[in-house]
Amino acid sequence: AAAELHSLIKADNPKLRTPVSKDDYKPFLKEYTGKRIDSLRGTQFELPEEMERWIQEQIAKLKNDYFTIVHRDMRARHLMFPVDTAKPVLIDWEFTNISDPAQDVAKIISDATTHGLDREQVSKRVIDAYAHIQKTSKDELDEHVRAFLPIIPLERSMSLVNRNPEGYEAEVLRYLYFIKAVYDEKK
């Protein structure tokens with residue numbers, strides 16, 4: 001939430017990055033994802049049209065009944081384990097927004113997979129644990145996570161393509177391979 005306020009303060013044309021109501025969520029997510037897909041058009045990383053349609057179809061399947069603050073950059077290096085408490089502390093809230101909690105779960109699965117772990121095994125363990133802790137349906141959570149799985153690497157790919165850091169091509173290709181693997185699995 002603080003990151004969003006900071007971005008508003010710095011922006012030339014201030015606008016919230018997150019939807020204002022549940023009814024705005026799917027249109028927001030569709031537009032947000034469309035911008036990430038558009039950023040790859042005309043580059044060597046352009047997605048095939050059928051994959052673009054599939055990604056948007058996944059968003060349409062989401063039930064927008066629960067939102068919360070999401071970190072959007074869940075990864076091991078953002079966890080601190082203070083000596084004086086048994087619970088880890090999550091740091092670096094720069095990309096925080098309001099969204100479906102499945103977005104953070106999908107980020108964990110995406111990162112683990114792009115670092116060489118088996119996606120199905122990681123998905124099962126993370127979804128099972130999250131559903132147990134939150135006392136929610138594994139099937140519904142899995143459906144929401146699968147909707148976000150292609151969006152997570154699109155965010156990172158867009159950022160890399162726009163900045164062009166050294167060696168970015170290999171990383172973008174790895175993210176696109178992840179999207180294709182998720183897509184091929186559901187065909």
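This structure is a prediction, so every number in the text was calculated from the model and none was measured. FYI, side chains are in, hydrogens and waters are out, and symmetry mates aren't considered; it's all heavy atoms of this structure.
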Any ion pair linking Glu31 and Lys35 (charged N to carboxylate O, less than 4.0 Å)? yes

Heavy-atom closest pair (Met74 atom, Ile108 atom, distance to 0.1 Å) is CB-CG1, 3.8 Å

Less than 4.5 Å apart, side chain to side chain, heavy atoms only: is that true for Leu160 and Pro165? yes

When you measure from the side chain of Lys30 to the backbone of Ile59, do you find a donor-acceptor pair of N or O atoms at a distance under 3.5 Å? no

At what distance, to the nearest 0.5 angstrom, does CD of Glu166 lie from CD of Glu171? 12.5 Å

Find the distance between NE2 (His132) and CD1 (Ile127) and round it off to the nearest 0.5 Å. 15.5 Å

Other residues, nucleotides and ligands only: do more than 12 of their heavy atoms fall within 6.0 Å of CD on Glu169? yes

Can a side-chain donor-acceptor contact be found between Thr136 and Tyr130 if the only test is distance below 3.5 angstrom? no

Could you give the distance from OG1 (Thr33) to CG (Leu29), rounded to the nearest 0.5 Å? 4.5 Å

Measure up the Trp54 and Tyr183 rings against each other and bin them: parallel (under 30°), tilted (30 to 60°), perpendicular (over 60°). perpendicular

I'd like to know if the side chain of His144 reaches the main chain of Gln103, judged simply by a donor and an acceptor atom lying under 3.5 Å from each other, with no hydrogens or angles considered. no

Would Arg36 and Asp38 pass as an ion pair if we require N to O under 4.0 Å? no

For the pair Lys61 (side chain) and Glu143 (backbone), establish whether a donor and an acceptor sit closer than 3.5 Å, ignoring hydrogens and angles. no

Derivation of the side-chain hydrogen bond (donor to acceptor under 3.5 Å, both in side chains) call for Ser99 and Tyr25: CA-CA 8 Å; Ser99 185; Tyr25 185 70; 2.6 Å; yes

Do Ser123 side-chain atoms and Arg119 backbone N/O form a donor-acceptor pair below 3.5 Å? yes

Check: Thr43 side chain, Leu40 main-chain N or O, donor-acceptor pair, under 3.5 Å: yes

Can the positive tip of Arg146 be found less than 6.0 Å from the middle of the six-membered ring of Phe148, inside 45° of the ring normal? no

Out of curiosity, Ile151 CD1 to Ile55 CD1, how far, rounded to the nearest 0.5 Å? 7.5 Å

Going hydrophobic residue to hydrophobic residue with side-chain gaps under 4.5 angstrom, can you get from Phe45 over to Tyr177? no

Before you tell me yes or no, could you show the steps for Arg72 and Glu94 under salt bridge (Lys or Arg N to Asp or Glu O under 4.0 Å), namely the whole-Å CA-CA distance, both residues' side-chain angles and the distance that decides it to 0.1 Å? CA-CA 9 Å; Arg72 288 188 56 233; Glu94 179 182 357; over 6 Å; no

Can you name the closest pair of heavy atoms from Ser137 and Ala131 and give their distance? C-CB, 4.5 Å

Ile37, Ile179, Leu47 screened by side-chain contact (heavy atoms from CB on, under 4.5 Å) with Pro150, the one that passes: Ile179

Quick check: closest heavy atoms across Ser39 and Met158, and the distance to 0.1 Å? OG-CG, 2.9 Å

For a 4.5 angstrom cut-off between non-hydrogen side-chain atoms, does Val172 reach Val161? yes

Leu90-Phe81 co-clustered via ILVMFWY side chain contacts under 4.5 Å: yes

Hydrophobic cluster membership, Leu154 vs Leu173, 4.5 Å side-chain cutoff: yes

Are Leu149 and Val70 in one and the same hydrophobic cluster, where Ile, Leu, Val, Met, Phe, Trp and Tyr link if side-chain heavy atoms are under 4.5 Å apart? no

Does the side chain of His78 come under 3.5 Å of the side chain of Asp92 through a donor N or O and an acceptor N or O? yes

Closest heavy-atom contact between Lys87 and Pro82? O-CD, 3.8 Å

Hydrophobic clusters here meaning ILVMFWY residues chained together by side-chain heavy-atom distances under 4.5 Å, can you tell me if Ile152 and Phe95 are in one? no

Counting only heavy atoms not in Glu50, do more than 12 sit closer than 6.0 Å to its CD atom? yes

When rounded to the nearest 0.5 Å, the distance separating CG of Asp142 from NZ of Lys124 is 10.5 Å

Does the distance from a Lys or Arg side-chain N to an Asp or Glu carboxylate O, for Lys138 and Asp128, drop under 4.0 Å? yes

Supply the atom-to-atom distance Met51 CE to Arg53 CZ, rounded to the nearest 0.5 angstrom. 12.0 Å

Do Glu52 and Arg41 meet the salt-bridge criterion of a basic N to acidic O distance under 4.0 Å? yes

Tell me, do Asp118 and Val122 make a side-chain contact under 4.5 Å, heavy atoms counted? no

Can you confirm whether Asp73 sits close enough to Trp93 that some side-chain heavy atom of one is under 4.5 Å from a side-chain heavy atom of the other? no

